[in-house]
Protein chains: 2
Amino acid sequence: MPENRGFRRGEGTRDKIVEAAMELFAEHGYKGTSVRKIAAKVGIRESALYNHFDNKEAIFMAIASRALSTPFDEKKDPESLSEYARKGKPFLHRFMTEFKLMTFDKKHERLFRFLVIELMQNEVLRRGFEKEFHEANIKTLSTGLFIMMQEGLIRSSDPIVTANAFLGQMFYVRLMVSLLKADGKPTTPYSTAFEKQLDFFWSSVSV
Amino acid sequence: MPENRGFRRGEGTRDKIVEAAMELFAEHGYKGTSVRKIAAKVGIRESALYNHFDNKEAIFMAIASRALSTPFDEKKDPESLSEYARKGKPFLHRFMTEFKLMTFDKKHERLFRFLVIELMQNEVLRRGFEKEFHEANIKTLSTGLFIMMQEGLIRSSDPIVTANAFLGQMFYVRLMVSLLKADGKPTTPYSTAFEKQLDFFWSSVSV
DNA sequence: GTCTATACGGGGATAGAC
DNA sequence: GTCTATCCCCGTATAGAC
């Protein structure tokens, strides 16, 4: 609805709204955040906010799509994926690194908190999480692991179960780090946790 | 505040309130649930509700303590614990079974949903989760795993990392099942997931 | 695109009768 | 211990001037 085409002055309000809402939603949840407070944080009145979004839910959706589109979204083409998988551990290392980066990145961390809060309350978000996070990651991982099994790099086992084992560990570490951060506590005990879980996993499966 | 001692008639209202609130909190979260709706679900007026609880937050606390006291709370004494650990896999099997039972039990499932929603929004709950869920489970598991390593049942490795690996898998499966349930979808794909992850884990670590 | 003003329903909570 | 009645604030959202 804002009619700024080109580079009109003063634009970016819409982005500011999303940014402010993201912070507030991540702290107090959707229902705990009022349109008033979002507007106040941006520095405008509520009514002005409605020039940019139809209603509060539209703001939610703008953030939800971000929270879901971020992880591992680079659409790795299957070719390079399987090529990478043939190397074994580096494939998992790269996966772990992406996870770790997201965990310690401020923006992604906010999105993660938002996601955890709303996951049980919003069906759209839940579906997105199941498909775009869980299924996508399990698919990537199990594909890679299957190749490693064929190459004789790791011992044979159900690739899906193996993928779940790895993803579960990564996710759990991420959750614990986010909880510490939410408390404002130091995350130093977890600074090498991702690496440790990866090493453990690799020594568990490699032949 | 209710002055029902003994078996006065009509008591149990307090429990009914907790029950009703639990259902609503698990669905809409704390902020998304009004005192009015809780009262309506119980079949009384809001004002009557205040005879049993000082305020809305007191109801929250009553539920929070339940959500935290339930898991693995039977205070297994260290003796029988280590004795059990010497058996190897049955120790982990029992742990997994408790997890599975809680996951598919309706009451525990509600508490879990409530916990996930409020975890990022309430510090008391977060602290409780860290101590009474995470730390307690890691301690139980790492102790058991350490014994198994000494007994030569499983390969040597950092017991904490090993415990995290196992707990992470269990937790992740539980989360995914809860998401499916929240969507009203069948959880059949996960009916044997816990067992599969356990078997995978065991074959990963056993010598 | 932002403002002031306003509508109006819903929220938590209390007073006082029964 | 429950009811009716009421208080007052806060929530989302809109109308219309600038």
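Values reported hereafter were calculated over all heavy atoms of this structure, with side chains retained and with hydrogens, waters and symmetry mates removed. Just so it is clear: chains get the letters A, B, ... in the order the sequence lines come, proteins before strands, and each one is counted from 1.
- Between A/R36 and A/E46, the closest heavy-atom pair is NH1-OE1, 3.0 Å.
- When the P atom of D/dG11 is taken as reference, atom CG of A/L49 falls 14 Å away, rounded to whole Å.
- Ring geometry, A/F166 versus A/F201: the interplanar angle falls from 30° to 60°, so the pair is classed tilted.
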Review item, nucleotides 12-15 of chain C N/O atoms under 3.5 Å of protein N/O:
unit_1, atom_1, unit_2, atom_2, d
C/dG12, OP1, B/V35, N, 3.3
C/dG12, OP1, B/K56, NZ, 3.1
C/dG12, OP2, B/V35, N, 2.7
C/dA13, OP2, B/Y50, OH, 2.8
C/dA13, OP2, B/K56, N, 3.2
C/dA13, O5', B/Y50, OH, 3.4

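- Ring orientation note: the planes of A/F99 and A/F194 are tilted relative to one another, at an angle of 30° to 60°.
- Proximity of the aromatic rings of B/H134 and A/Y172 is defined here by a centroid distance below 6.0 angstrom, and this criterion is met.
- Protein atom CD1 of B/I44 is 17 Å distant from nucleotide atom C1' of C/dC18, rounded to whole Å.
- By the 30° and 60° cut-offs, the orientation of the rings of A/F91 relative to A/Y84 is tilted.
- Looking at A/R110 and A/E19, a side-chain N of the basic residue comes within less than 4.0 Å of a carboxylate O on the acidic one, giving a salt bridge.
- As rounded to whole Å, 16 Å separates atom C1' of D/dA13 from atom NE2 of A/H52.
- Spacing between atom CZ of A/F60 and atom P of D/dG11 amounts to 19 Å, rounded to whole angstrom units.
- Between the C1' atom of D/dT14 and the CZ atom of A/R45 lies a distance of 17 Å, rounded to the nearest Å.
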